[in-house]
Each structure stands twice: as C-alpha cells, then as structure tokens.
Amino acid sequence: VGIDIEDESIAMARINAEVNQIDNCRFIAAPAHVALAAEDIAATPFDIVIVDPPRAGLHPKALDGLAAIGAPRIAYISCNPATFARDAALLRREGYRLGRVTPFDMFPHTMHTELVARFEKNG
C-alpha cells in the first residue's frame with residue numbers, strides 16, 4: 001500500500017507498478033492520517049511500514065494510525081532531526097524501540113542531513 005498526499009506521485013507510482021508488472025499493490029492519494037484511519041488499512045497486517053514525512057514530521061493522527069496498525073517494524077526516513085526526535089519519542093510511548101539510525105549527508109557543505117531509522121515493536 002502506497003500513500004501520498006500528491007495525486008501526481010500516486011499516478012506515477014501506478015505507472016511504475018504497471019511498467020514493472022507489479023499487481024499486488026495499491027495506491028491511495030490522501031493525507032497519511034486520513035488513509036491510515038480507513039478501516040481496510042487499519043485491518044491490514046503489515047510486516048513493515050516505511051514513512052518519509054515532510055520536514056514538519058508525521059501528523060499526530062498519522063502517528064496514532066501507525067500505532068493502531070501495530071506493524072512489528074517501522075523504517076522512518078527523515079530530513080529534519082528535530083521532528084524526528086519528537087516522533088521517535090511518541091513511537092517509543094507506543095511501544096516501539098529505536099534500533100539503528102543511519103545519517104546521510106546528501107547536501108555537502110550545508111547543515112542539512114537525512115537519516116533512516118529502524119523501530120521495532122517491543123514484545
């Protein structure tokens with residue numbers, strides 16, 4: 001399941017899936033917190049969820065949706081360490097343990113860094 005607020009991104013994802021003959025996926029054009037609240041998504045068992053929020057981080061209701069899904073692993077891609085720290089604390093309260101964090105300097109000679117973090121559900 002791919003979720004993105006941008007219609008154009010969803011259209012391109014559908015084309016990419018078709019070109020690569022991938023038919024076991026679907027795409028939803030909606031804000032993450034709206035899509036994650038849908039009954040069919042909330043009832044879907046996920047092995048891993050990958051999130052790549054904007055600089056503002058995850059919407060609080062999107063974090064609630066992630067907690068409700070209860071995937072055993074979350075991969076979190078961030079371009080803002082401050083909002084990542086905020087969201088990581090909220091995920092911790094929801095029973096996730098922060099594992100590995102890998103920073104990436106994609107913009108040399110600037111203060112901007114990206115990171116990828118792995119969270120695992122406790123117990």
Side-chain angles (χ1 to χ4, degrees):
V1 177
I3 301 168
D4 198 297
I5 196 169
E6 295 293 332
D7 291 333
E8 185 176 347
S9 296
I10 293 299
M12 296 306 295
R14 288 182 176 134
I15 291 168
N16 192 15
E18 184 179 328
V19 166
N20 289 288
Q21 300 175 346
I22 299 170
D23 59 7
N24 65 342
C25 57
R26 66 185 177 125
F27 302 98
I28 302 168
H33 69 279
V34 173
L36 290 171
E39 284 183 35
D40 61 329
I41 298 299
T44 302
F46 292 94
D47 295 324
I48 187 168
V49 174
I50 301 168
V51 296
D52 185 5
R55 290 194 65 73
L58 287 170
H59 188 285
K61 290 183 181 177
L63 282 163
D64 291 343
L66 281 176
I69 287 171
R73 291 180 308 268
I74 296 174
Y76 190 119
I77 303 164
S78 177
C79 62
N80 185 339
T83 57
F84 168 76
R86 179 202 67 206
D87 292 351
L90 293 170
L91 287 170
R92 184 170 181 245
R93 280 188 233 139
E94 293 296 337
Y96 285 91
R97 180 180 57 82
L98 177 59
R100 186 176 186 156
V101 177
T102 305
F104 294 91
D105 185 6
M106 296 179 62
F107 306 102
H109 309 293
T110 72
M111 62 182 218
H112 300 289
T113 60
E114 303 274 328
L115 67 85
V116 176
R118 178 184 172 139
F119 291 89
E120 293 187 16
K121 189 81 169 165
N122 292 327

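Since the structure is predicted, the reported quantities are computational estimates derived from the model, not experimental observations.
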Is it true that [X] and [Y] fall in one hydrophobic cluster, defined by side-chain heavy atoms closer than 4.5 Å?
{"X": "I74", "Y": "I41", "result": "yes"}
{"X": "L63", "Y": "V116", "result": "no"}
{"X": "V34", "Y": "V49", "result": "no"}
{"X": "I69", "Y": "V1", "result": "yes"}

Identify, with sequence neighbours excluded, every residue that meets salt bridge (Lys or Arg N to Asp or Glu O under 4.0 Å) alongside [X].
{"X": "R92", "result": "none"}
{"X": "D7", "result": "none"}
{"X": "E120", "result": "R97, R118"}

Could you list the residues that satisfy side chain to side chain donor-acceptor pair (under 3.5 Å) with N16, not counting sequence neighbours?
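N16 satisfies side chain to side chain donor-acceptor pair (under 3.5 Å) with N20 once adjacent residues are dropped.
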
Taking only residues two or more places apart in sequence, or in another chain, which ones meet D40 in a side chain to side chain donor-acceptor pair (under 3.5 Å)?
R26

Got a sec, which residues hit side-chain contact (heavy atoms from CB on, under 4.5 Å) with [X], two or more places apart in sequence or on another chain?
{"X": "L98", "result": "F84, V101, A117, F119"}
{"X": "I15", "result": "M12, V19"}
{"X": "R93", "result": "A89, L90"}
{"X": "S9", "result": "D4, E6"}

State, to 0.1 Å, how close [X] and [Y] come at their nearest heavy-atom pair, and which atoms those are.
{"X": "P81", "Y": "T113", "value": "CG-OG1, 4.1 Å"}
{"X": "I50", "Y": "I77", "value": "CG2-CD1, 4.0 Å"}
{"X": "P54", "Y": "C79", "value": "C-SG, 4.5 Å"}

Spatial distance of atom CG (L36) from atom CG (D64) [nearest 0.5 Å]:
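The CG atom of L36 sits 10.0 Å away from the CG atom of D64.
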
Do any pairs count as a ring-ring contact (aromatic ring centres under 6.0 Å, His included) and have a residue in residues 86-110, sequence neighbours left out, and if so which ones?
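Sorted pair list comes back empty.
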
Sequence neighbours excluded - ring-ring contact (aromatic ring centres under 6.0 Å, His included) pairs with any residue from residues 26-74:
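Passing the test, one end in residues 26-74: H33-H59.
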
Is there any side chain to side chain donor-acceptor pair (under 3.5 Å) pair reaching into residues 73-87, and which pairs are they, with sequence neighbours excluded?
Y76-D87

